[in-house]
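The structure appears right after this line, and notes come after that.
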Amino acid sequence: MTTAEKIGQLVQRMGGRQRALNSRLGPEELEKVRRGEVGSYLHVAGAEPLRELQRVAVEESRLGIPLLFAMDVVHGYRTIFPVPLAMAATWDPSAAESHARIAAQEASAAGLHWTFAPMVDVARDPRWGRIVEGAGEDPFLGAAMAAAQVRGFQGSDLSAADTIMAGTKHFGAYGAAEGGRDYAGADLSERTLRETYLPPFEAAAKAGTASFMTAFNALGGVPTTGNATLLRGILRGEWGYDGVLLSDWHAIEELMAHGVAGDRAAAARLALEAGVDMDMVSDIYGQDLIASVEADPELKARLDEAVMRILKVKRDLGLFVDPYKYHDAAREAAVMLSPEHRAEARRIAERSIVLLKNEGNVLPLAKGAGRIALIGALADDARSQLGSWRARGVEEDVVTLRAALEAVHAGVTYVRGADSRSSEAAGIAEAVSAARASDVVVMALGEDFDWSGEARSRSSLELPGAQEELFEAVASTGKPVVVVLMGGRPLAIPEVAEKADAILVTWLLGDEAGPAIVRTLFGDENPAGRLPASFPRTTGQVPFAYDHLPSGRPADPDLAKDTARYMDLPITPLYAFGYGLSYTTFDYGPVAVDRASIPAEGGRVTVSVAVTNSGLRAGDEVVQLYMRDPVASVSRPIQQLRGFRRVALAPGETRMVSFTLDAAHFAFWGQSGGWVIEPGLILLSVGSASDSIHGHAEVTLTGQSHGTSSPASIPVLSSDRQIRGNLNPT
């Protein structure tokens, strides 16, 4: 290969725009392909048009190297599933894996090889709009969801025609952006970076993700796209990762705006030296790298490494054996939005819904619920259910809450009341009239699709527009009010929490949003989702995370002075991480461990608890295991998630739920660097939420050892088995 041809493999170009795919693939673009100046395209799709583009690369260029075709397939390709934050609310990695498997089947049928997903950034400030794309605030839950999606996209054989490359993003600490402002920098201790933000990426690397994408922002003043310590040091060096590393959109060019490169050639050099293999659309590698490479043998070696990684993944996809394997128009026509795919989208949507409040058991609604006033613009907003990334999803495929409710219940009166954006309050009077004429009110409140996502940070987490005024007016009628809270982030809704009779968090659920919500409202499905991120009482309470460090003056609910709290707020969030209710009830037995102590080197302990459905309905309980290291060489969080299992229980059924932990799960980043497992007592607790603990146990670590991985990225062995008799918890 010539130097120019090598550089061409590092170039990813736009084949179109997100909403105008393939629109840039004209004669001039094809000439670039013939000259070997392109290695990949994004914003392209379609088995037939991409077959022709691939034919030009394979049959009309000198080397015949196939192209990679990519798109942001974030939560579905044609069949749109719940947004990723909602999928995390299932607390069911198998649901995330199933979604990714279906997305890969559809995307690969449309000629694609590569998705820029999963997004695994831990987000602890819900003002950040991209919290909707990840798994929320916890690294352990995030790591489980990350690995599951990688497995779903890539399957067991990347060369199979129905798999695609995962593109795990955005490597670094993008979710820690200051003030929740997208693209803003992050300034973290190494311990926080290692323990909180990197574990989902490490889990994805262990799961075999074929690629990573760098973050836009800077970490400690060093932009990730030029951060050799982070990319070559941690990712490639410590973790041994040898897959493709891609920049984000124009991120190499933006090294100049960050102030670490004086010109395009310097930006290109900095990124390549840091370990970035492919340049997304800025064309800096294509236009400004060759002179530096030809003048510097060391940089030429870096170029060769990058080219080899890109060629290797093309080989792993099987493109050198059959470059047209992804271009079967018959398969493309058959696989999209199949009945089986829609059914799975509905199932996962149902599993995503979180019940926050159910005063007086107003839910589930009786089948003959009488007159229902359905109020709120979001109830009839198909576009919003597609979320901020829609791939090839279309509004016509979405079943809205209004459509689904009217299909199963004759006595529905729908009024918009107030828009989810506008402060216009003219429709409130009509909503109040409808409420007064009803037996029960269902209100769709929250944020539409364009309030969350990239570049959609908010300074306020309160309900936007005139929705709070609408809610207050409707609640004042005295009719039972069920709030269906939609959107892509936690919201500050203290007034709703106080006055609504019931609250269902339904996020943005995709094509089957309406049926999933309606089946839950009427009790055909029992909600069992749990919050993957805390809901604050007010915007001023964020950032807030359940696993915060203790203080020398811990927050005291009875003392507003001289403790670590706000004077004007309770010390707790409105709804805590892991929280969620059910239409049934669950009882917990004593928590037991199979041994009182384990060695820090290679030790293992199993924690068990019996859980019984003590109510009258079948339902799922999400059993959560937390740990605390009360005395260590550095201050440790007040609790950390170390296991979870979603368990289906019939009325009266009891199951023994077990978690097997390695000693490495108790490691932390030491003062001198490196993972440390120290001797001493570990406190274990089991419950149904981070603030709802039902039992405790202890285990003692003996000796000292050093870990090699983030404990949050190490899978926990968990199981459940039915046991005889009813449980009498003590």
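Positions are given from 1 along the sequence.
R392 places no side-chain N or O within donor-acceptor distance of the main-chain N or O of R78, the cut-off being under 3.5 Å.
Sorted by first and then second residue, the side-chain hydrogen bond (donor to acceptor under 3.5 Å, both in side chains) pairs involving residues 214-223 (not counting sequence neighbours) are T214-T225.
A side-chain donor-acceptor contact under 3.5 Å links E344 and S98.
The side-chain heavy atoms of L337 and D511, taken from C-beta on, include a pair separated by under 4.5 Å. Taking 4.5 Å as the limit, some side-chain heavy atom of K325 sits within range of a side-chain heavy atom of S159.
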Salt bridge (Lys or Arg N to Asp or Glu O under 4.0 Å) assessment of R309 paired with D242: CA-CA 7 Å; R309 283 190 284 265; D242 196 35; 3.6 Å; yes
Residue pair K300, D304: steps toward the salt bridge (Lys or Arg N to Asp or Glu O under 4.0 Å) verdict: CA-CA 6 Å; K300 189 170 185 178; D304 289 345; over 6 Å; no
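Salt bridge E29/K32: absent, no basic N to carboxylate O contact under 4.0 Å. Salt bridge status for R130 with E454: present, with a side-chain N to carboxylate O gap under 4.0 Å. Between R456 and E447 there is no salt bridge, since none of the side-chain N atoms of the basic residue sits less than 4.0 Å from a carboxylate O of the acidic one.
Partners of Y197 by ring-ring contact (aromatic ring centres under 6.0 Å, His included), not counting sequence neighbours: none found. With sequence neighbours excluded, the residues forming a side-chain contact (heavy atoms from CB on, under 4.5 Å) with L270 are L255, V260, listed by chain and number.
Scanning all heavy atoms of the two residues, the minimum distance from Q9 to L311 falls at OE1-CD2, 3.9 Å.
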